[in-house]
Amino acid sequence: MNSVLIKDVPEEERPRERLVKYGARNLSTDDLIAIILKTGTREYSSKYLATQVLKLVNNVSDLKNISLSKLIKINGIGAVKAIEFLAAMELGRRVYEQKPLDNNLKCNSAEKIFRHFKGEFIGLNQEYFYCLYLNSQKKLIDKKLLFKGTLNKSLIHPREVFKEAYLSSAAYIICLHNHPSGNVIPSNDDINITNDLIQIGYLQKIPIIDHIIVGDNNYYSFFENGLIGSAK
């Protein structure tokens, strides 16, 4: 296919025209990727480039983890096409994996919180630190992503954690972050950060009532393990 450009393919067989005629669900994966890539080059059609993208993964679900550096190594895919492709993958992930904020969610169980929010962390290769802000009945008011990267005390600033609490008039806070390794045992930094936030929450009268670490299909709760006291 690399020697056959899209313009030389009969119009009814081109990916975009096939989508209009048959719908997106009836297109092959390489047709869908060709549409995202938009155009090929003088030497390679967009359909051929799509097949080269698929060769980088074992199955289509692995596309969500494909890296920019791998994409731009394909001859014919530059930085712009690679960035647009990654943006399309992320949009699809958000559409199907992220749940809308449920203000009726009562956050009174670490397992319930884990099952509700674990989709936020699928496929992530770095740590994401969220705070859940709750009202006096422990129902969810808001959720904020406050940090991305390796967790340490110099980067997680209590000011940001409690600023959002004041803005949302929260009564309680639950911290939530992932370990990409899948090992949910808290690190020393995790423990130190949590202890600092607990002390500040006590002084500010907005207690931290749990810190949940999310792994592949399991979690660790500071509250369930006796590292945070109960709050009425």
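Here the structure is a predicted model, which is why all the values come from computation and not from measurement.
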*So, for A165 and I173, which heavy atoms are closest and what is the spacing to 0.1 Å?*
CB-CD1, 3.8 Å
*asked:* Could you go through K163 and E160, starting from their C-alpha distance and side-chain angles, then the distance that decides it, and tell me whether this counts as salt bridge (charged side-chain N to carboxylate O under 4.0 Å, His left out)?
replied: CA-CA 5 Å; K163 178 187 76 174; E160 299 303 318; 3.2 Å; yes
*Please check if the side chain of K70 supplies one atom and the backbone of V53 the other of a donor-acceptor pair under 3.5 Å.*
no
*Can you name the one residue among L134, I174, I113, N104 that meets side-chain contact (heavy atoms from CB on, under 4.5 Å) with L140?*
L134
*Are I74 and L37 connected in the hydrophobic side-chain network, where two residues link if heavy atoms are under 4.5 Å apart?*
yes
*With distance as the sole test, does K64 use its side chain to make a donor-acceptor pair with the main-chain N or O of S61 at under 3.5 Å?*
yes
*Look at atom NZ of K112 and say whether more than 12 heavy atoms of other residues, nucleotides or ligands are closer to it than 6.0 Å.*
yes
*Decide yes or no for Y220 and N225: does some side-chain heavy atom of the first lie under 4.5 Å from some side-chain heavy atom of the second?*
yes
_One pair to check against side-chain contact (heavy atoms from CB on, under 4.5 Å): V161 and F147. What are the steps and the verdict?_
CA-CA 10 Å; V161 172; F147 177 75; over 6 Å; no
*How many angstroms lie between CG in L227 and NE2 in H211, if you round to the nearest 0.5 Å?*
11.0 Å
*Output yes when a side-chain donor or acceptor of D210 lies under 3.5 Å from a complementary backbone atom of F223, and no otherwise.*
yes
*Just by modelled atom types, is the Q126 backbone N or O under 3.5 Å from a matching donor or acceptor in the N178 side chain?*
yes
*So does K21 pair up with E17, basic N to acidic O under 4.0 Å?*
no
*First locate atom CG of N125, then atom OG of S67, and finally report the distance between them rounded to the nearest 0.5 Å.*
9.0 Å
*Which is it for L197 and C175 under the side-chain contact (heavy atoms from CB on, under 4.5 Å) test, yes or no, and what are the steps along the way?*
CA-CA 9 Å; L197 292 175; C175 302; 3.9 Å; yes
*Would Y48 and L27 show up in the same hydrophobic cluster when neighbours are defined by side-chain heavy atoms closer than 4.5 Å?*
no
_Main-chain N/O of S181 paired to H179 side chain as donor or acceptor, under 3.5 Å_ = no
*E120 side chain near Y128 side chain, heavy-atom distance below 4.5 Å*: no
*Can you tell me if N135 uses its side chain to pair, donor with acceptor, with the backbone of Q137 under 3.5 Å?*
yes
*Does the ring center of Y219 lie less than 6.0 Å from the ring center of F114?*
yes
*asked:* Show the nearest heavy-atom pair for residues I77 and A82, with the distance to one decimal.
replied: CG2-N, 3.9 Å
*Among the clusters formed by ILVMFWY side chains lying less than 4.5 Å apart, do L167 and Y172 turn up in the same one?*
no
*asked:* If we ignore hydrogens and angles and just use 3.5 Å, is the side chain of N192 paired with the main-chain N or O of N188 as donor and acceptor?
replied: yes
*asked:* Whether the side chain of K81 engages the backbone of L71 through a donor-acceptor N/O pair (distance < 3.5 Å, no angle test) should be reported.
replied: no
*Side chains of K144 and S168: donor-acceptor distance under 3.5 Å anywhere?*
no
_F117 six-ring centre to K143 NZ/CZ under 6.0 Å and within 45° of normal_ = no
*Please answer whether the main-chain N or O of L54 pairs with a side-chain N or O of D30 as donor and acceptor at a distance below 3.5 Å.*
no
*Any chance the rings of F121 and Y130 have centres within less than 6.0 Å?*
yes
_Contact check, side chains of L132 and L105, non-hydrogen atoms, under 4.5 Å_ = no
*Any side-chain heavy atom of I191 within less than 4.5 Å of one from F222?*
yes
*Cluster question for you: counting only ILVMFWY and a side-chain heavy-atom cut-off of under 4.5 Å, with indirect links fine, are I208 and Y166 together?*
yes
_Under a plain distance cut-off of 3.5 Å, with no hydrogens placed, do Q52 and Y44 share a side-chain donor-acceptor pair?_
no
*Kindly determine whether R18 and N26 satisfy side-chain contact (heavy atoms from CB on, under 4.5 Å), including the steps that lead there.*
CA-CA 9 Å; R18 285 174 55 78; N26 295 304; over 6 Å; no
_Spacing of OG belonging to S46 relative to CG belonging to D31, to within rounding of 0.5 Å_ = 9.0 Å
*Within a strict 4.5 Å, meaning less than it, do heavy atoms of the D62 and L56 side chains meet?*
no
_Do I83 and F85 sit in one hydrophobic cluster, given that two such residues count as connected whenever their side-chain heavy atoms are within less than 4.5 Å of each other, even indirectly?_
yes
*Rounded to the nearest 0.5 Å, how far does CD1 of I35 lie from NZ of K47?*
10.0 Å
*Say you draw a straight line from NE2 of H177 to CD of E127; how long is it, rounded to the nearest 0.5 Å?*
4.5 Å
*Spatial distance of atom OG1 (T41) from atom CG (L49) [nearest 0.5 Å]*: 6.0 Å
*Of the non-hydrogen atoms in P207 and A171, which two are nearest, and what is the gap between them?*
CD-O, 3.4 Å
*Find out whether K38 and R16 are in side-chain contact, i.e. whether some heavy atom of one side chain is under 4.5 Å from a heavy atom of the other.*
yes
